[in-house]
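What follows is a short report on a single structure.
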Amino acid sequence: DQQVKQNSPSLSVQEGRISILNCDYTNSMFDYFLWYKKYPAEGPTFLISISSIKDKNEDGRFTVFLNKSAKHLSLHIVPSQPGDSAVYFCAATARGSQGNLIFGKGTKLSVKP
Amino acid sequence: GAGVSQSPSNKVTEKGKDVELRCDPISGHTALYWYRQSLGQGLEFLIYFQGNSAPDKSGLPSDRFSAERTGGSVSTLTIQRTQQEDSAVYLCASSYRGEQPQHFGDGTRLSIL
């Protein structure tokens with residue numbers, strides 16, 4: 001049973017617009033969440049994270065929002081750039097900031113010039 | 001280099017053969033993780049080493065899979081009597097003292113004929 005779900009396999013956005021990637025989780029023990037970006041033939045690269053004690057974390061063009069009651073998080077990228085085109089993975093852990101990660105299946109983002 | 005290094009980058013082998021995959025973590029990182037990504041899936045946790053503690057093997061899919069970490073640095077993932085369902089990208093990650101985020105290598109693409 002999938003504990004971390006990314007229900008949109010793909011998303012297409014125009015350059016300059018906002019990209020919103022969504023992630024849902026089922027395990028209420030999860031307390032730390034991360035987003036990774038992956039280009040073909042490369043390993044995932046860490047983007048941004050959020051602890052369950054917060055509801056928002058921002059880093060430049062990237063903002064992650066956490067809604068604990070809905071067990072939902074989202075990654076906002078604004079403005080979107082063609083170089084943002086990649087697969088984005090949501091991940092969670094139930095051990096504070098330590099331990100192995102549980103990953104979603106990813107969302108492929110395409111940013112059109 | 002400064003990142004996580006994995007070798008080989010690609011491995012093709014016949015069903016029934018044994019394979020060894022190598023991971024060299026970032027210097028100073030005491031935690032090391034193995035994941036695998038099958039086609040169209042998210043990353044699946046396999047095993048976690050943290051310092052001198054007993055490894056967390058809870059993600060290993062069968063007793064054909066084993067891993068060791070010698071001297072607290074380099075790790076080897078061994079798959080015995082390979083099956084076609086073992087075909088996947090095997091990713092290694094490391095982190096400082098087990099803290100997030102984990103930093104990933106580019107993976108080994110394993111193909112079983």
Side-chain angles (χ1 to χ4, degrees), chain A residues 1-10 21-27 30-54 57 59 62 64 75 86-108, chain B residues 1-10 21 23-26 29-51 53 55-60 67 88-111:
Chain A
D1 186 33
Q2 267 192 285
Q3 298 186 70
V4 177
K5 300 178 184 178
Q6 294 178 256
N7 292 319
S8 298
S10 62
L21 296 103
N22 293 303
C23 178
D24 297 292
Y25 60 96
T26 57
N27 189 338
F30 287 150
D31 55 9
Y32 198 84
F33 306 87
L34 304 89
W35 284 93
Y36 281 83
K37 170 179 172 181
K38 187 180 184 301
Y39 293 118
E42 294 184 9
T45 303
F46 169 71
L47 265 181
I48 192 168
S49 62
I50 188 166
S51 164
S52 59
I53 62 174
K54 295 185 175 181
N57 189 24
D59 184 1
F62 302 92
V64 56
L75 174 68
V87 177
Y88 288 78
F89 289 98
C90 171
T93 179
R95 307 188 198 178
S97 63
Q98 300 203 12
N100 61 283
L101 296 173
I102 309 298
F103 283 84
K105 291 187 178 182
T107 296
K108 184 175 183 179
Chain B
V4 176
S5 178
Q6 291 188 246
S7 60
S9 54
N10 286 281
L21 312 179
C23 173
D24 200 343
I26 292 171
H29 281 192
T30 58
L32 186 147
Y33 314 77
W34 283 98
Y35 296 84
R36 74 175 175 182
Q37 184 182 18
S38 302
L39 193 62
Q41 302 298 311
L43 280 71
E44 173 193 5
F45 165 72
L46 297 177
I47 188 168
Y48 165 40
F49 296 90
Q50 167 59 310
S53 302
D56 175 357
K57 303 180 182 180
S58 60
L60 294 178
V89 177
Y90 288 81
L91 290 152
C92 176
S94 69
S95 74
Y96 178 64
R97 297 197 308 180
E99 300 284 338
Q100 307 297 348
Q102 299 172 21
H103 301 271
F104 284 83
D106 287 339
T108 294
R109 180 173 296 277
L110 177 63
S111 301

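Predicted, not measured: the structure shown is a model, and the values here were computed from it.
With a 4.5 Å cut-off on non-hydrogen atoms, B:L91 touches chain A through its side chain but not through its backbone. When heavy atoms are compared at a cutoff of 4.5 Å, A:L101 approaches chain B by way of both its backbone and its side chain. Only the backbone of A:A41 has a heavy atom closer than 4.5 Å to any heavy atom of chain B.
Enclosure of atom OH in A:Y39 by more than 12 non-hydrogen atoms of other residues, nucleotides or ligands within 6.0 angstrom is indicated.
Not counting sequence neighbours, the partners of B:E44 by the side chain to side chain donor-acceptor pair (under 3.5 Å) test are B:R36. With sequence neighbours excluded, the residues forming a side chain to side chain contact (heavy atoms under 4.5 Å, CB included) with A:K38 are A:P44, A:F89, B:Q37, listed by chain and number.
Atom OH of B:Y33 is separated from atom CG of A:N100 by 8.0 Å, given to the nearest 0.5 angstrom.
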Open item on the list: Using the rule given for side-chain contact (heavy atoms from CB on, under 4.5 Å), can you reason through B:L43 versus A:Y36, listing the C-alpha separation, both sets of side-chain angles and the distance that settles it, and then say yes or no?
Closed with: CA-CA 11 Å; B:L43 280 71; A:Y36 281 83; over 6 Å; no

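Under a 3.5 Å cut-off, the side chain of A:Y32 and the backbone N or O of B:Q100 do not form any donor-acceptor pair. Judged purely by atom type and a 3.5 angstrom limit, B:Q102 uses its side chain to pair as donor or acceptor with the backbone of A:G99.
In this structure, the ring of B:F45 has its center no less than 6.0 angstrom from the ring center of A:F103.
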